[in-house]
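So you know, we letter chains A, B, ... as the sequences are listed, proteins then strands, and number each from 1.
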There are 2 protein chains.
Amino acid sequence: MKSRVTAQHVADRAGVSRSAVSRCFGDGQVSDDTRKRIETAAEELGYRPNAIARSLTGRSTGLVALLVAEMDNPHVDIVLKKLLLAIAEADKRALVIPETPRQDVTESTMHALDYQVDAIVVVGGTVSDRVVGQLRALDTPVFQFGRQLAGLGGVACDSHLGGLLGGQFLIRSGRTRIAYVTKTSSTDSNQRRRAGLAAALGAAGLPLLEELSEDNSFEGGYNAATRLFARLERPDALFCFNDMFALGALQAASAFRLRVPEDVAILGFDDIPMAAWPAFALSTLRPNLDAQIARLMAMIAEVCDGAPPRRTVDLVVPELVIRRTAC
Amino acid sequence: MKSRVTAQHVADRAGVSRSAVSRCFGDGQVSDDTRKRIETAAEELGYRPNAIARSLTGRSTGLVALLVAEMDNPHVDIVLKKLLLAIAEADKRALVIPETPRQDVTESTMHALDYQVDAIVVVGGTVSDRVVGQLRALDTPVFQFGRQLAGLGGVACDSHLGGLLGGQFLIRSGRTRIAYVTKTSSTDSNQRRRAGLAAALGAAGLPLLEELSEDNSFEGGYNAATRLFARLERPDALFCFNDMFALGALQAASAFRLRVPEDVAILGFDDIPMAAWPAFALSTLRPNLDAQIARLMAMIAEVCDGAPPRRTVDLVVPELVIRRTAC
DNA sequence: CGTTTTTATGCACGCGCGTGCATAATCCAT
DNA sequence: ATGGATTATGCACGCGCGTGCATAAAAACG
């Protein structure tokens with residue numbers, strides 16, 4: 001592998017000083033003549049400024065670290081994709097750090113910080129609060145996506161409101177035995193959704209049934225719903241923590257020969273692409289992802305411009321998407 | 001934002017030279033006494049070596065760029081996740097560059113190269129050959145994942161063999177009117193799968209029906225299968241380019257009140273997690289992803305050790321997974 | 001105890017680039 | 001034509017770190 005061409009090479013070829021090359025690719029003032037010569041020389045040599053060396057001079061690196069956990073959730077996939085696109089659009093680069101089972105997140109993240117990233121975004125609810133706390137102690141701006149830890153800037157879907165809206169909708173459609181299908185690991189958003197639902201039910205004087213899923217996926221939703229349907233007094237509506245649970249519950253309803261939504265209504269959360277498939281036509285709550293990401297990118301742009309990082313969470317209101325499984 | 005602590009700060013505090021600190025965190029020889037003092041000083045100051053500056057001294061950056069397109073395909077999600085985990089396990093960092101609709105991939109990729117990545121991995125079949133060609137012209141090692149462009153190192157599932165195995169299996173199970181559901185954009189792997197299937201059918205003296213999908217997803221498979229089922233002589237087996245098509249086709253079969261697999265067998269490709277869901281129980285061909293990734297990481301490790309990049313594609317044989325939709 | 005060998009440490013340079021400062025070149029107005 | 005204002009260019013330094021080289025310290029050996 002031949003060594004890369006540096007600004008010095010271009011300078012030599014163009015017969016100017018290296019500073020001129022530097023200014024030409026920066027925002028310095030260069031005469032039209034020399035600019036032309038430098039550009040042709042750079043073109044011929046295939047020169048590209050070394051971003052590593054450039055960022056060494058105290059400036060920003062243009063890197064944004066995405067600390068992403070809960071990668072078994074399709075919704076996180078969508079978030080990740082959209083974040084990647086948004087970061088590329090903002091002319092920055094995404095350094096993605098997955099939560100590995102073997103290696104502790106902390107260690108991976110710390111390694112990422114060695115790259116002087118401009119900001120860290122914590123994606124997904126399952127990153128432990130301890131890790132987030134450690135991150136906050138650093139001087140690198142940290143933002144959270146999809147959680148609402150106090151004192152840490154970020155964006156999130158208003159889970160409480162989502163729970164409330166979903167609950168009110170189910171009540172309006174005449175349901176009286178409403179169950180919440182949740183997961184064992186109680187993340188922040190989980191608790192808020194449950195609280196919102198509980199508020200809606202409480203206002204209507206209805207009880208809140210509940211069923212835990214041992215697993216964070218389709219199978220978990222299937223099993224939890226199966227247990228619910230096997231109860232003596234079967235619920236007539238299932239509000240699921242996320243769409244994957246809801247799809248599993250839908251499958252369980254089919255196994256029980258229950259008509260959806262006549263016998264039982266099923267409501268999800270996230271509006272993953274699959275929810276819109278005609279095979280499922282899942283009613284669900286759609287977090288306005290694009291709005292969330294736009295705000296997050298604005299926060300990142302702020303800190304890149306030297307502003308102190310925000311310390312508040314922007315809540316985005318979810319939207320009720322009514323399809324076939326609850327109406 | 002206070003400025004980061006450098007090796008000089010640690011050196012001052014420990015009462016040693018900066019070189020000693022550098023050696024302590026590198027592999028240089030340091031006496032037990034000074035090492036201890038340096039380590040405590042570093043601990044107290046929260047010092048971490050600056051990876052940016054470190055990589056400036058001609059060494060590797062520890063960055064691997066993932067150029068990923070076709071992000072609407074769940075299978076690519078899985079590949080991306082596994083790649084991210086593998087890269088983290090290898091103690092490297094992943095720089096993910098999505099194919100943005102607005103910005104040309106070339107430009108994004110070039111920006112990524114400014115970070116002196118150790119290697120580039122092209123993921124997904126839809127990255128244009130032109131872009132890959134441009135990448136090959138660089139002195140940064142480029143690998144391809146899931147495609148088989150000649151002269152460029154990488155790993156891929158043996159699509160031809162997959163087509164052959166699938167075709168032979170359908171023939172053995174007594175199918176005679178076998179259709180291939182494919183997509184309009186003819187990627188490399190698509191053509192190979194079709195060729196493998198054609199070889200199997202040709203050997204058995206059977207015709208190859210075909211139907212194009214206008215779209216690379218569930219809906220596309222649904223529509224294509226619908227057209228096939230509406231034909232006078234309905235096919236008794238559908239071999240789909242990927243699982244998403246197959247799931248759409250499955251839905252179409254249900255709409256036509258066709259029994260699966262009695263009336264029509266449906267075979268997918270990729271073995272995405274959803275294929276295993278009891279709701280679908282899709283028979284499919286499983287590319288051995290873990291094996292592919294292990295080999296790719298080995299190739300990357302090679303070039304990081306200074307070896308010239310491989311120029312051959314390691315083919316991994318796919319495995320026939322027989323569930324309910326074809327048996 | 002003196003000499004040679006080994007080990008530990010500091011100094012200084014360079015990686016590729018941005019940028020303040022001084023100087024040279026150019027321009028404009030009088 | 002000439003002084004001053006503006007612009008263009010080069011020089012040199014520093015960003016944070018690794019490392020060859022020289023030197024100082026310690027160890028080993030006779």
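One N or O on the side chain of A:Tyr115 and one on the backbone of B:Thr61 form a donor-acceptor pair closer than 3.5 Å.
Summarising the geometry, atom CD1 belonging to A:Ile97 is positioned 7.5 Å from atom CG belonging to A:Leu113; distances are rounded to the nearest 0.5 Å.
Taking side-chain N and O atoms only, B:Tyr115 has no distance below 4.0 Å to OP1 or OP2 of C:dG16. OP1 or OP2 of D:dG18 has at least one side-chain nitrogen or oxygen of B:Ser22 nearer than 4.0 Å.
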Review item, side-chain donor-acceptor pairs of residues 14-24 of chain A, under 3.5 Å, at least two apart:
unit_1	atom_1	unit_2	atom_2	d
A:Ser17	OG	A:Ser19	N	3.4
A:Ser17	OG	A:Ala20	N	3.4

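B:Asp290 pairs by the salt bridge (Lys or Arg N to Asp or Glu O under 4.0 Å) definition with B:Lys82, not counting sequence neighbours. A search for salt bridge (Lys or Arg N to Asp or Glu O under 4.0 Å) contacts involving A:Asp33 returns A:Arg37, not counting sequence neighbours.
What separates CD1 of A:Ile38 from P of C:dG18 is a distance of 12 Å, to the nearest Å. Rounded to whole Å, the distance from CZ on A:Phe25 to P on C:dG18 is 10 Å. Atom pair B:Gln8:CD and D:dG16:P shows a separation of 10 Å (rounding to whole Å applied). The separation between B:Arg4 atom CZ and D:dC15 atom C1' is 13 Å, rounded to whole Å. For B:Leu56 and C:dG16, the CG to P distance is 7 Å, given to the nearest whole Å. Rounded to whole Å, the distance from CZ on B:Arg54 to P on C:dG16 is 18 Å.
Counting all heavy atoms, side chain and backbone alike, B:Val117 lies closest to B:Ile120 at CG2-CG1, 4.0 Å.
Rotation axes derived from the C1' atoms of the five outermost pairs at either end of the helix from C:dC1-D:dG30 to C:dT30-D:dA1 lie 30° apart, to the nearest 10°.
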Sequence-aligned protein contact record of nucleotides 4-12 of chain C, with B where the base is within under 4.0 Å of a protein heavy atom and S where only the sugar-phosphate is: ----SBBBB
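Under 3.5 Å, the side chains of B:Gln292 and B:Asn288 contain no donor-acceptor pair of N or O atoms.
Sorted by first and then second residue, the salt bridge (Lys or Arg N to Asp or Glu O under 4.0 Å) pairs involving residues 291-311 of chain B (not counting sequence neighbours) are B:Arg295-B:Asp314, B:Glu302-B:Arg310, B:Arg310-B:Asp314.
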